[in-house]
Undergrad: 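Before I ask anything, let me first share the structure, which is written out below as structure tokens.
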Amino acid sequence: MTEQPSAHPTDVVRVALVDDQQLVRAGFRMVIDSQPDLEVVLEAGDGAQAVRALDPAARTALGRVDVVLMDVRMPTMDGLEATAQIIARGTDAEPAPRVIVLTTFDLDEYVMSAIRAGASGFLLKDAPPEEMLTAIRTVHRGDAVIAPSSTRRLIEHLVSALPEPVPDGPPNPARAAVDDLTEREREVLLLMARGRSNTEIGHDLFVAEATVKTHVGRILAKLGARDRVQAVVTAYEAGLVTPGA
């Protein structure tokens with residue numbers, strides 16, 4: 001595991017790389033460090049190393065970490081467990097970094113678990129460099145679209161495989177949460193699911209971007225979602241959005 005000093009401008013997005021393949025980390029580092037607004041400040045070879053390094057009590061020397069690129073399959077501790085532990089240890093005073101899970105379509109069974117563990121986005125391991133850079137910036141902004149495009153494709157691919165609701169079966173918690181939204185909040189959530197940014201949603205609904213941000217904040221609170229990705233998954237699970245819609 002390697003770390004870098006923490007004396008960096010506050011406008012630089014500070015990134016941690018977690019992957020058991022050193023060559024993969026080296027390639028990601030080269031691409032990320034080539035950008036003036038991004039910098040790799042931590043590398044870890046497995047989830048356990050990442051959890052230790054990113055524990056709030058252990059980050060005094062390392063400083064702030066904004067985004068983690070997390071592989072799924074690693075020795076000692078996999079990326080799902082590491083994501084869950086890193087997110088769970090965040091506090092209001094020391095928020096957890098946002099996690100982008102590195103995945104492939106043949107690991108579908110892991111992706112929904114990653115969302116529930118708190119992952120904010122997904123990146124296909126063979127994605128082009130510009131998509132990786134976009135993913136980091138997008139996830140860091142938090143209120144931007146749920147890009148990269150692979151995130152929406154993965155969500156749709158997964159949700160299309162969900163079992164059909166059973167008549168007279170147990171209540172659908174996602175449906176109940178969505179039912180608590182106002183009509184305007186549902187409109188905003190639908191547009192979020194289509195990958196629209198706050199600015200684009202404002203144009204679509206003829207309202208100010210600040211108003212959209214307020215709606216998004218209320219949607220996240222009512223759905224108990226950490227970010228837009230989790231809110232969109234809830235919309236799919238509730239049947240408010242269907243794949244391809």
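These numbers come from a predicted model, not from an experiment.
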Undergrad: Can you sort out the partners of Arg186 under salt bridge (Lys or Arg N to Asp or Glu O under 4.0 Å), two or more places apart, ordered by chain and number?
TA: Asp179

Undergrad: Heavy atoms only: give me the nearest Ala174-Glu237 pair and the separation to one decimal.
TA: CB-CB, 3.9 Å

Undergrad: Please assess Met132 against Ile32 for the test side-chain contact (heavy atoms from CB on, under 4.5 Å), listing each intermediate value before the final yes or no.
TA: CA-CA 9 Å; Met132 176 181 68; Ile32 293 168; 3.9 Å; yes

Undergrad: The criterion is side chain to side chain contact (heavy atoms under 4.5 Å, CB included); which residues satisfy it with Leu190, sequence neighbours excluded?
TA: Leu240, Val241

Undergrad: Taking side chain as C-beta onward, heavy atoms only, is Asp66 less than 4.5 Å from Pro97?
TA: no

Undergrad: Determine, stepwise, if the pair Val99 / Ile87 fulfils side-chain contact (heavy atoms from CB on, under 4.5 Å).
TA: CA-CA 8 Å; Val99 179; Ile87 297 301; 4.1 Å; yes

Undergrad: For residues Leu69 and Phe28, determine if any side-chain heavy atom of one lies less than 4.5 Å from a side-chain heavy atom of the other.
TA: yes

Undergrad: Which residues satisfy the side chain to side chain contact (heavy atoms under 4.5 Å, CB included) test with Arg89, sequence neighbours excluded?
TA: Val51, Asp55, Pro56, Gln85

Undergrad: How many angstroms lie between atom CZ of Arg228 and atom CE of Met192, to the nearest 0.5 angstrom?
TA: 4.5 Å

Undergrad: Which atoms form the tightest heavy-atom contact between Lys222 and Asp180, and what is the distance?
TA: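 The answer is NZ-O, 3.4 Å.
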
Undergrad: Which heavy atom of Val139 sits nearest a heavy atom of Ser120, and at what distance?
TA: CG1-CB, 3.8 Å

Undergrad: Classify the side-chain pair Asn198/Arg141 by whether it contains a donor and acceptor separated by less than 3.5 Å.
TA: no

Undergrad: Is there side-chain contact between Leu17 and Leu42, with heavy atoms separated by less than 4.5 Å?
TA: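 No; the side chains remain at least 4.5 Å from each other.
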
Undergrad: For Asp78 and Val72, work out which heavy atoms get closest and say how close.
TA: CB-O, 3.2 Å

Undergrad: Would you check, one step at a time, whether the test side-chain contact (heavy atoms from CB on, under 4.5 Å) holds for His140 with Ile100?
TA: CA-CA 10 Å; His140 177 60; Ile100 299 173; over 6 Å; no

Undergrad: Got a second to check how far Arg218's CZ is from Leu189's CG, nearest 0.5 Å?
TA: 15.0 Å

Undergrad: With sequence neighbours left out, write down each residue that passes side chain to side chain contact (heavy atoms under 4.5 Å, CB included) with Thr199, or none if nothing qualifies.
TA: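 Testing Thr199 for side chain to side chain contact (heavy atoms under 4.5 Å, CB included), a comparison that skips the adjacent residues, returns Ser197, His203, Glu209.
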
Undergrad: Taking atom CZ of Arg184 and atom NE2 of His215, what is their separation to the nearest 0.5 Å?
TA: 5.5 Å

Undergrad: How long is the span from the OG1 atom in Thr83 to the CE atom in Met77, to the nearest 0.5 Å?
TA: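 Spacing of OG1 (Thr83) from CE (Met77) equals 10.5 Å.
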
Undergrad: Step by step, would you call Arg226 with Leu220 a side-chain contact (heavy atoms from CB on, under 4.5 Å)?
TA: CA-CA 7 Å; Arg226 181 171 183 262; Leu220 298 184; over 6 Å; no

Undergrad: Is there side-chain contact between Leu38 and Val12, with heavy atoms separated by less than 4.5 Å?
TA: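 They are not in contact (no side-chain heavy atoms under 4.5 Å apart), so the answer is no.
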
Undergrad: Rounded to the nearest 0.5 Å, what separates atom CD in Glu94 from atom CZ in Arg64?
TA: 10.5 Å

Undergrad: Under the salt bridge (Lys or Arg N to Asp or Glu O under 4.0 Å) test, which residues partner Asp37, sequence neighbours left out?
TA: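 Asp37: salt bridge (Lys or Arg N to Asp or Glu O under 4.0 Å) contacts with Arg137.
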
Undergrad: Got a sec, which residues hit salt bridge (Lys or Arg N to Asp or Glu O under 4.0 Å) with Glu81, two or more places apart in sequence or on another chain?
TA: none

Undergrad: For Ala231 and Ala225, which heavy atoms make the closest approach, and how far apart are they?
TA: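 So the minimum-distance heavy-atom pair works out to N-CB, 3.6 Å.
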
Undergrad: Return the set of residues passing side chain to side chain donor-acceptor pair (under 3.5 Å) with Gln21 (not counting sequence neighbours), or none when no residue passes.
TA: none

Undergrad: Report yes if the side chains of Val178 and Leu223 come closer than 4.5 Å at any heavy-atom pair, otherwise no.
TA: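 Side-chain contact under 4.5 Å: yes.
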
Undergrad: Is Arg98 salt-bridged to Asp227, cutoff N-O under 4.0 Å?
TA: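 Answer for the salt bridge query: yes.
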
Undergrad: Name the residue from Leu102, Ile86, Val68 that meets the side-chain contact (heavy atoms from CB on, under 4.5 Å) definition with Val18.
TA: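 Considering Leu102, Ile86, Val68, a side-chain contact (heavy atoms from CB on, under 4.5 Å) with Val18 is found only for Val68.
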
Undergrad: Which heavy atom of Pro75 sits nearest a heavy atom of Gly45, and at what distance?
TA: CD-O, 4.5 Å

Undergrad: Quick test of your reading of the model: are Lys125 and Asp71 salt-bridged, counting only N-O distances below 4.0 Å?
TA: yes

Undergrad: Just jot down the salt bridge (Lys or Arg N to Asp or Glu O under 4.0 Å) partners of Asp46, sequence neighbours excluded, or say none.
TA: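 Asp46: no salt bridge (Lys or Arg N to Asp or Glu O under 4.0 Å) contacts found.
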
Undergrad: Not counting sequence neighbours, which residues clear side chain to side chain contact (heavy atoms under 4.5 Å, CB included) with Pro128? List them please.
TA: Glu130, Glu131

Undergrad: Under a 3.5 Å distance rule, please check whether Glu200 uses its side chain to pair with a backbone N or O of Arg196 as donor and acceptor.
TA: no

Undergrad: Measuring from Met70:CE to Leu123:CG, what's the distance to the nearest 0.5 Å?
TA: 13.5 Å

Undergrad: Does the distance from a Lys or Arg side-chain N to an Asp or Glu carboxylate O, for Glu43 and Arg25, drop under 4.0 Å?
TA: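 Salt bridge flag = yes for Arg25 with Glu43.
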
